[in-house]
Number of protein chains: 2
Amino acid sequence: MHKLDRTDTRLLLALTEDPRSTIVALAEKLGLSRNTVQARMSALDASNVLHPFDRRINPVALGYPLTAFISVHLQQQQLGTIVEKLSDIPEIVQAHGLSGTSDLLVRVVCTDADDLFRITGLILECEGVERAETSLAMGELIPFRAKPLLEREQNA
Amino acid sequence: MHKLDRTDTRLLLALTEDPRSTIVALAEKLGLSRNTVQARMSALDASNVLHPFDRRINPVALGYPLTAFISVHLQQQQLGTIVEKLSDIPEIVQAHGLSGTSDLLVRVVCTDADDLFRITGLILECEGVERAETSLAMGELIPFRAKPLLEREQNA
DNA sequence: CGGGGGTTGCACATTCTGCTCTATCCAGCG
DNA sequence: CGCTGGATAGAGCAGAATGTGCAACCCCCG
């Protein structure tokens, strides 16, 4: 993974403040030449520093106002096939493998409580899934953010 | 919240496939006029359909290879002040209020195990926090995605 | 029938982009 | 010490994209 230097983080910060700003605007803002910014941007695009655009889409706008986290306990030998099956469920928007008391943390979005019930059912149907504990998300109290990390990098 | 129609979702899909494509390119791809795309994009920007650019930044590239989820139990009356304090910790990149057995699901990034230990310490220090259960993320088995939801919208 | 919203086509001046070439600066190395 | 590679800056150019304004159109709804 391409390690970022101070210029890169400044670039990312500027982008965070205005995601649609042009290269020249960025260059001016950061006191760099247009060429430099362009080179950095290409490098960022090419590397895997940036997640796909998906991440910026708010599922609420897509008609899925409810978010839930489901802790899944499973037979670990089956992890691979289970993840494959879960991938087929569109409402599952993310899943992390975990160490600790549960094996999988699944994030789902849904239209309402009935929908959530249906989806947990789908998860429980998978062979190898032993238990699933659902927690409804009551709000994103701290929205995802990388800004504080970027700013710390600045001052370092 | 602005409800998205089929044109919007097609636009978002196209953007997901190429986040840096220009307005004209999008227009051509979708068979729409440049004006239309431009209008839609402005609307999307103005509404809260899109999360900030932050979300696309991979903390690994920033030097935080470890991710952990921490389930926090707390005195609910103190929720507000606790969230405020947690906001001051840069490594906390996200937090959701939960219904269910725990009150708060906190997502942290860190450089190594010691760093994680330090951060859990910071969380436990907050007044009103009763318990914190840490689970290390072993991998993002299903990376965040909105694409399946968008595609479903297409065919609906 | 008369809007209003969304869409379209067109045109204009301005700005941005991608690309190339050159030159400078600096750190690392033989 | 001199060389080399990498990052940066400056300039220039043709082509493309952008922002903007405007008139027209279609279609659904009241």
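To find a chain, count down the sequence lines: A is the first, B the second, and so on, and within it residues start at 1. Just so it is clear, the values below take in all heavy atoms, side chains as well, and ignore hydrogens, waters and symmetry mates.
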Do [X] and [Y] make a side-chain contact, defined as non-hydrogen atoms from C-beta onward lying under 4.5 Å apart?
{"X": "B/Ile57", "Y": "A/Thr16", "answer": "yes"}
{"X": "B/Glu153", "Y": "B/Arg6", "answer": "no"}
{"X": "B/Val108", "Y": "B/Tyr64", "answer": "no"}

Heavy atoms from other residues, nucleotides or ligands near CD of B/Glu28 exceed 12 (cutoff 6.0 Å)
no
So what is the end-to-end bend of the helix from C/dC1-D/dG30 to C/dG30-D/dC1, with 5 pairs used at each end and the value given to 10 degrees?
40°
Going by side chain to side chain contact (heavy atoms under 4.5 Å, CB included), B/Leu86 matches just one of B/Ile70, B/Thr81, B/Val106. Which one?
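Going through B/Ile70, B/Thr81, B/Val106 one by one, the side chain to side chain contact (heavy atoms under 4.5 Å, CB included) with B/Leu86 is satisfied by B/Val106 alone.
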Among pairs that include at least one residue of residues 76-89 of chain B, which meet salt bridge (charged side-chain N to carboxylate O under 4.0 Å, His left out), considering only residues two or more places apart or in two chains?
none
Report, one pair per line, the protein and nucleotides 5-7 of chain D atoms (nitrogen or oxygen only) whose separation is under 3.5 Å.
unit_1	atom_1	unit_2	atom_2	d
D/dA7	O3'	A/Arg40	NH2	3.4

Interatomic distance, A/Leu30 CG vs D/dT8 P [rounded to whole Å]
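Atom CG in A/Leu30 sits about 12 Å away from atom P in D/dT8.
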Taking only nitrogen or oxygen atoms into account, show me every contact under 3.5 Å that the protein makes with nucleotides 9-16 of chain C, one pair per line with its distance.
unit_1	atom_1	unit_2	atom_2	d
C/dG9	O6	B/Asn35	ND2	2.3
C/dC10	N4	B/Asn35	ND2	3.2
C/dA11	N6	B/Arg34	NH2	3.2

In terms of the nearest nucleotide of DNA chain D, which residue is placed more toward the 5' end: A/Gly31 or A/Arg20?
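Nearest nucleotide further toward 5': that of A/Gly31.
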Whether B/Asp103 and B/Arg131 form a salt bridge (side-chain N of Lys/Arg under 4.0 Å from carboxylate O of Asp/Glu) is what I want to check.
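Here B/Arg131 does not pair with B/Asp103 in a salt bridge, since their nearest N and O are not under 4.0 Å apart.
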Compare side-chain N and O positions of A/Gln38 against OP1 and OP2 of C/dT17 and report whether any pair is under 4.0 Å apart.
no
Return yes if some donor-acceptor pair links the side-chain N/O of A/Glu140 with the main-chain N/O of A/Phe144 below 3.5 Å, else return no.
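Such a contact is found between A/Glu140 side chain and A/Phe144 backbone.
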Under 3.5 Å, side-chain donor or acceptor atoms of residues 115-127 of chain A against the rest of the protein: list the pairs with distances, not counting sequence neighbours.
unit_1	atom_1	unit_2	atom_2	d
A/Asp115	OD1	A/Arg118	NE	3.1
A/Asp115	OD1	A/Arg118	NH2	2.7
A/Asp115	OD2	A/Thr111	N	3.0
A/Asp115	OD2	A/Thr111	OG1	3.3
A/Arg118	NH2	A/Glu91	OE2	2.9
A/Thr120	OG1	A/Leu116	O	3.3
A/Thr120	OG1	A/Phe117	O	2.7

For B/Ser87, give me all partners under side-chain contact (heavy atoms from CB on, under 4.5 Å), at least two apart in sequence or on another chain.
A/Ile142, A/Arg145, B/Val83
